[in-house]
Peer 1: 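Would you mind keeping the following structure in view while I ask a few things?
The chains referred to below are lettered A, B, ... by the order of the sequence lines, with proteins before strands, and numbering in each begins at 1.
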Amino acid sequence: MFWRQPRDRSLWHMILAPTIWALHFVLVYGVTAVLCAKWDAADLARLTIFASTAVALTLIVAVGRGAWRQWDYLDGWDDIHDRPTDNHRRRFLGHVGFLLSLVSTIGVIYVTLPAVFVETCR
Amino acid sequence: MRAGLACLALVPALAACEGRQSVLDPAGRDAAVMAELFWWMLGGAVILWLLVNGLMVYVSRLNRDALSVRAATLLVVGGGIVFPTVLLAVLLSYGLSEMPRQLAPGTGLSVRVTGELWWWRMEYLPEGAETPVISANELRLPAGSRSELRLGANEVIHSFWVPALGGKTDMIPGRETRMSLEPLEPGEYRGQCAEFCGDSHALMAFGAVVMEPEAFREWLEHEATDAAPPATEAARAGRAVFLAEGCGSCHTVRGTPADGTIGPDLTHLAGRTTLAAGVLPMTADALKRWIADPRAIKPGARMPGFDHLGDARLDLLAAYLEGLE
């Protein structure tokens, strides 16, 4: 599996955060649609949304931390990785992975915001 | 250049955004919130435009030296990531916090509005009432309280919109959508179908009248009564024409044998501010023109023309309908 592969080889580490964001999105929209259409269960839908958001954010923060270490920015404040070496490839993938976890964090929060304000299924 | 001048020439026309059907001239709570939000957005967009263009002038004219890496990074991260993220979050939160208020349940009156081809069936249900007061093509609401609107449609999709009072909501055949409005200022406004629905979509409008609560109560009581019997000789003759020509197979005039439900209810037709769903003024002349050839005024209208009646009988019909206050 991908987590066994070296980090300079696998693209999975890079796109893991947006993947969590996408799964969170599908889960939130799907569950809300079903709960609202079948049982008008707004409270349960909001609870599910908040719970899955907490899980998604925790996972994304963990992925982001891994990516931050992989980038190893503080070692030389280096954000240019353009040479065809394992080290540069590894740091490049970490750099992109870290930025993507930032975007995914914002995405997950924006997806959740409506549930903070809208308290009914209408 | 010429196109630019032509655009400039349009500015006075745009300045005419006040009036009965304008988002920028709100007369209800919901519309006021949206108008205010529009002005904030416009102001923000102008400031942003000036900032971006000012920055372009700065780097291309005023200071052509390269920026330091630190300044450039600050600009990209601050202006490109942090600023839009925070600003969008604030705007989204404000919009979302307003949504439940605009959809809040009504506190008394509820009106069922059904989109037809191309007119509006209006059924008023005051609090506690079981049978609706049926009317058409004009929405009357009491000022100062939130009224519930239950929206539906026959055959095709429409969208209900009174810009001076609030946002728009789709009307979908086979299901009921809802919205609520809280008009504040008594006055006459105009609603318009906002979803393309066929030949006469653009001609599917209605008068929206906001009244003081007491006046509204009296109006609704009157609206629930049967039609007044014709008062003049001409009107009596007109009623005979109305019934003989079979108008009653599509139209209802309560208190007479006319009980059709295909077309708009005409029991208190002359009490409305407009004729033919917001298209014509409520005058004898307009009534005659409409009855003689509805499709000349409203392409595709379901009502057949009655021009075979001749001027004299059309006059009688108009006299009868004008008396239905």
Peer 1: Around atom CZ of F216(B), are there more than 12 heavy atoms of other residues, nucleotides or ligands at under 6.0 Å?
Peer 2: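 Counting other residues, nucleotides and ligands, CZ of F216(B) exceeds 12 neighbours.
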
Peer 1: Can you name the closest pair of heavy atoms from Y110(A) and T85(B) and give their distance?
Peer 2: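 Of all heavy-atom pairs spanning Y110(A) and T85(B), the closest is OH-O, 2.6 Å.
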
Peer 1: Measure across L96(B) and V118(A) and return the closest heavy-atom pair with its distance rounded to 0.1 Å.
Peer 2: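 Where L96(B) meets V118(A) most closely, the heavy atoms are O-CG2, 4.4 Å.
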
Peer 1: Below 4.5 Å from any heavy atom of chain A, which atoms of L103(B) appear? Answer side chain, backbone, both or neither.
Peer 2: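 Contact with chain A is through both the backbone and side chain of L103(B).
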
Peer 1: Step through the shown structure and confirm whether more than 12 heavy atoms of other residues, nucleotides or ligands are within 6.0 Å of OH on Y58(B).
Peer 2: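 No.
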
Peer 1: Does L42(B) CG have over 12 foreign heavy atoms under 6.0 Å away?
Peer 2: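 It does: L42(B) CG has more than 12 such atoms within range.
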
Peer 1: Please classify the contact of L88(B) with chain A as side chain, backbone, both or neither, using a heavy-atom distance under 4.5 Å.
Peer 2: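 Both parts, heavy atoms under 4.5 Å.
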
Peer 1: Counting only heavy atoms closer than 4.5 Å, note whether L113(A) contacts chain B via side chain, backbone, both or neither.
Peer 2: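 For L113(A), backbone and side chain are both near chain B.
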
Peer 1: Does a sphere of radius 6.0 Å around CZ in R65(A) hold more than 12 heavy atoms from other residues, nucleotides or ligands, not counting ones at 6.0 Å or beyond?
Peer 2: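 Atom CZ in R65(A) is not crowded, with 12 or fewer foreign heavy atoms closer than 6.0 Å.
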
